[in-house]
J.: 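Before anything else, here's the structure in question.
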Amino acid sequence: RIRVRAAWENVIYDLFSGYVGSWDQEYPDVGRDATAVVRVTDGFAVLNLQKLTDKQYDAVLSGFRVAAVLGDTSLATTPTIIEFGRSVMAETGLLTDVSALSHLQSVAESENGSFFFSAAGEPTFQGRDHRILEERTAAGTIATTGGNVRYSGLTGRYDDSELWNEVRITPFGGTAESALGTASGTSYYTRTYARDFLISSQNEAADAAFYLLGQFEEPAIRFDEVAVEGAVDPGNSWPLILGSGISRRLAVTHITPNGGTVSSDQHVEGVSFSIAPRIFEASFRFSPASVQNYGVWDVSKWDDGAKWGY
């Protein structure tokens with residue numbers, strides 16, 4: 001096992017926890033020096049090695065399915081963070097030689113949630129409501145102006161790589177349910193996204209299709225890499241940088257060369273670190289929060305621009 005941590009103002013932050021795959025030994029400078037490159041993986045590699053054979057799972061909420069599958073792997077005793085979820089997964093029948101990782105990822109996809117390993121190495125499952133309920137507002141702002149976390153580099157894109165205006169969802173043992181974005185199809189031609197879900201309800205499959213259509217029928221600004229630095233205003237910057245894991249909502253503001261402003265809330269999808277003597281850099285990968293801005297009962301208003309999920 002291996003873990004990487006950082007400390008700021010007596011607070012310890014987990015950056016990575018996983019497993020050593022190899023120690024690659026190198027002897028540069030005609031053998032007068034010696035280095036070792038440690039290659040590591042997280043728990044995904046462990047779950048990918050585990051096969052579900054002679055296992056059968058009942059129809060339960062997605063979070064309970066995640067817990068049941070993890071209980072049948074070598075990570076059964078590992079601390080977890082598992083939400084209930086909202087979708088009921090269909091009964092499986094007897095499984096044979098099915099990858100535990102593949103099944104868990106299918107559960108997360110069918111829930112329209114997320115399954116990942118936290119920086120502390122915990123298998124983590126978030127239902128589709130997590131970002132709606134727990135990350136409704138930005139925890140901080142990344143910008144070049146004072147009082148914010150400064151960025152040293154930013155790579156954004158506004159393209160068609162995640163543009164889908166026809167969504168087809170097929171429930172387990174059922175038939176495909178479709179959602180069409182007519183205006184988007186007229187502007188960008190038909191672009192079809194088709195998936196098989198582990199849910200059994202035809203009605204929920206239709207809801208899921210419209211849910212995904214609402215996220216992907218129009219292009220959105222996506223920031224694939226935002227390199228941040230904590231040296232400016234470190235007291236505010238480092239806790240936010242080190243404490244922001246997957247799904248954390250942050251505002252990103254960029255002032256263009258002609259003086260314009262590009263600003264949007266984004267959800268963290270990945271974090272990477274570059275650590276060397278006197279160097280500590282972090283980079284975030286984001287997805288736009290605007291397309292995930294769903295209404296909350298007794299909080300949102302019918303006319304405030306929020307979409308309604310399922």
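What you are looking at is a predicted structure, and each value in this text was computed from that prediction instead of being measured.
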J.: Please examine the side chains of Gln202 and Thr175, heavy atoms only from C-beta on, and report whether any two atoms are closer than 4.5 Å.
T.: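 Yes, their side chains come closer than 4.5 Å.
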
J.: What are the two closest non-hydrogen atoms of Pro171 and Ser201, and how far apart are they?
T.: CB-O, 3.9 Å

J.: Do the side chains of Ser244 and Leu250 get nearer than 4.5 Å, heavy atoms only?
T.: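 Leu250 vs Ser244: side chains touch.
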
J.: Do Phe273 and Ser283 come close enough that some side-chain heavy atom pair is under 4.5 Å?
T.: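 A side-chain contact under 4.5 Å is absent here.
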
J.: Quick one: do the Gln126 and Glu134 side chains pair a donor with an acceptor below 3.5 Å?
T.: no

J.: Mind checking whether Arg168 and Tyr193 have side chains closer than 4.5 Å, heavy atoms only?
T.: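 The answer is no; the side chains never approach within 4.5 Å.
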
J.: Can you list the steps and then say if Ile199 with Val88 is a side chain to side chain contact (heavy atoms under 4.5 Å, CB included)?
T.: CA-CA 6 Å; Ile199 57 177; Val88 174; over 6 Å; no

J.: Of all heavy-atom pairs between Gly121 and Thr78, which one has the smallest distance, and what is that distance?
T.: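 Looks like O-CG2, 4.0 Å.
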
J.: Could you tell me whether the side chain of His267 and the main chain of Ala289 form a donor-acceptor pair under 3.5 Å?
T.: no

J.: List the steps, then state whether side chain to side chain contact (heavy atoms under 4.5 Å, CB included) holds for Leu198 with Val107.
T.: CA-CA 7 Å; Leu198 299 181; Val107 171; 3.8 Å; yes

J.: What pairs meet the side chain to side chain donor-acceptor pair (under 3.5 Å) rule with one or both residues in residues 40-53, with sequence neighbours excluded?
T.: Gln50-Ser74

J.: What I'd like to find out is whether the side chain of Ile142 reaches to under 4.5 Å of the side chain of Thr253, using heavy atoms alone.
T.: no

J.: Compute the ring centroids of Trp238 and Phe280, then answer whether they are less than 6.0 Å apart.
T.: yes

J.: So do the side chains of Val11 and Tyr13 get within less than 4.5 Å of each other, counting heavy atoms only?
T.: yes

J.: Might you work through the side chain to side chain contact (heavy atoms under 4.5 Å, CB included) test for Arg3 and Arg5, ending with a clear yes or no?
T.: CA-CA 7 Å; Arg3 65 185 178 190; Arg5 288 175 162 177; 3.2 Å; yes

J.: Just verifying a value: how many Å separate Asp265 CG and Arg249 CZ, rounded to the nearest 0.5 Å?
T.: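 The CZ atom of Arg249 is 4.0 Å from CG of Asp265, to the nearest 0.5 Å.
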
J.: Which atom names give the shortest non-hydrogen contact between Ser184 and Leu163, and what distance separates them?
T.: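 Looks like OG-CD1, 4.1 Å.
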
J.: Taking the ring centre of each residue, are Phe197 and Phe172 less than 6.0 Å apart?
T.: no

J.: Less than 3.5 Å apart, which donor and acceptor atoms pair up between the side chains of residues 216-230 and the rest of the protein, not counting sequence neighbours?
T.:
unit_1: Asp224; atom_1: OD1; unit_2: Arg157; atom_2: NE; d: 3.2
unit_1: Asp224; atom_1: OD1; unit_2: Arg157; atom_2: NH2; d: 3.4
unit_1: Asp224; atom_1: OD2; unit_2: Arg157; atom_2: NE; d: 2.5

J.: Counting N and O atoms only, with roles assigned by atom type, does the side chain of Ser118 sit under 3.5 Å from a partner on the main chain of Glu122, one being a donor and the other an acceptor?
T.: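 It does hold such a pair.
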
J.: Between the side chains of Gln266 and Ser264, is a donor N or O closer than 3.5 angstrom to an acceptor N or O?
T.: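 Judged by distance alone, the side chains do pair up.
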
J.: Under 3.5 Å, side-chain donor or acceptor atoms of residues 93-103 against the rest of the protein: list the pairs with distances, not counting sequence neighbours.
T.:
unit_1: Ser99; atom_1: OG; unit_2: Leu101; atom_2: N; d: 3.3
unit_1: Ser99; atom_1: OG; unit_2: Ser102; atom_2: N; d: 3.2
unit_1: His103; atom_1: NE2; unit_2: Arg65; atom_2: NH1; d: 3.2

J.: Between Asp159 and Ser161, do the side chains contain a donor N or O and an acceptor N or O under 3.5 Å apart?
T.: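 A donor-acceptor contact under 3.5 Å links the two side chains.
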
J.: Carefully, step by step, assess Arg131 and Glu269 under the rule salt bridge (charged side-chain N to carboxylate O under 4.0 Å, His left out).
T.: CA-CA 12 Å; Arg131 296 183 180 186; Glu269 299 292 353; 2.7 Å; yes

J.: Report the distance from atom CZ of Phe210 to atom CD of Gln215, rounding to the nearest 0.5 Å.
T.: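 Reported value, rounded in 0.5 Å steps: 14.5 Å.
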
J.: Find out if a path of hydrophobic residues (ILVMFWY) with successive side-chain heavy-atom gaps under 4.5 Å connects Leu47 to Leu52.
T.: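 Same cluster: Leu47 reaches Leu52 through Ile, Leu, Val, Met, Phe, Trp or Tyr contacts under 4.5 Å.
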
J.: Is Leu212 reachable from Tyr310 through a run of I, L, V, M, F, W or Y residues, each pair having side-chain heavy atoms under 4.5 Å apart?
T.: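 Yes.
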
J.: Is there a chain of hydrophobic side chains (I, L, V, M, F, W, Y, each step under 4.5 Å between heavy atoms) that links Val38 to Ile275?
T.: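 Yes, one cluster joins them.
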
J.: Got a sec: does the CG of Asn258 have more than 12 other heavy atoms crowding it under 6.0 Å?
T.: yes

J.: Starting at CD of Glu204, measure out to CG of Asn112 and round the result to the nearest 0.5 Å.
T.: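 So the CD of Glu204 and the CG of Asn112 are separated by 9.0 Å.
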
J.: Have Asn165 and Tyr189 got a donor and an acceptor in their side chains that come within less than 3.5 Å?
T.: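 Judged by distance alone, the side chains do not pair up.
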
J.: Whether Arg86 and Asp129 form a salt bridge (side-chain N of Lys/Arg under 4.0 Å from carboxylate O of Asp/Glu) is what I want to check.
T.: yes

J.: Using the ring pair (Phe, Tyr, Trp, His ring centres under 6.0 Å) definition, which of the options Phe44, Phe16, Phe125 pairs with Phe117?
T.: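 Only one option passes, and that is Phe44.
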
J.: Shortest non-hydrogen contact from Tyr19 to Ile2?
T.: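 The pair with the smallest heavy-atom distance is N-CG2, 4.1 Å.
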
J.: Does Arg195 pair with Glu109 as a salt bridge, N-O distance under 4.0 Å?
T.: yes

J.: Whether the Asp72 and Tyr57 side chains hold a donor-acceptor pair (N or O, under 3.5 Å, no angle test) is what I'd like checked.
T.: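 Yes, a side-chain donor-acceptor pair sits under 3.5 Å.
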
J.: Measure the spacing between CD of Glu166 and OG1 of Thr190 and express it to the nearest 0.5 Å.
T.: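 Reported to 0.5 Å precision, the distance equals 6.0 Å.
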
J.: Looking at every non-hydrogen atom in both residues, tell me the closest pair between Ser62 and Gly85 and how far apart they are.
T.: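 Minimum heavy-atom separation between Ser62 and Gly85: OG-CA, 3.4 Å.
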
J.: Show your working on side chain to side chain contact (heavy atoms under 4.5 Å, CB included) between Thr256 and Thr261 and close with a plain yes or no.
T.: CA-CA 6 Å; Thr256 64; Thr261 300; over 6 Å; no

J.: Are Val60 and Leu104 joined in one hydrophobic group, where the rule is that I, L, V, M, F, W and Y side chains link up if heavy atoms are under 4.5 Å apart?
T.: no

J.: Are Ile246 and Leu133 linked, directly or through other ILVMFWY residues, by side chains that come within less than 4.5 angstrom of each other?
T.: no

J.: With a 4.5 Å cut-off on side-chain heavy atoms, are Ile82 and Thr124 touching?
T.: no

J.: Find the distance between CG (Leu240) and OG1 (Thr141) and round it off to the nearest 0.5 Å.
T.: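 If I round to the nearest 0.5 Å, the distance is 8.5 Å.
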
J.: For a 4.5 angstrom cut-off between non-hydrogen side-chain atoms, does Tyr188 reach Asp160?
T.: no

J.: Give the intermediate values and the outcome of side chain to side chain donor-acceptor pair (under 3.5 Å) for residues Asp24 and Ser22.
T.: CA-CA 6 Å; Asp24 296 346; Ser22 68; 3.1 Å; yes

J.: Provide the closest heavy-atom pair for Ser237 versus Asn148 in the form atom of the first, atom of the second, distance.
T.: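 Taking Ser237 first and Asn148 second, the nearest heavy atoms are OG-O, 4.2 Å.
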
J.: Under 3.5 Å, is there a donor on one side chain and an acceptor on the other for Ser87 and Arg128?
T.: yes

J.: Any luck finding a side-chain donor-acceptor pair between Glu83 and His130 under 3.5 Å?
T.: yes

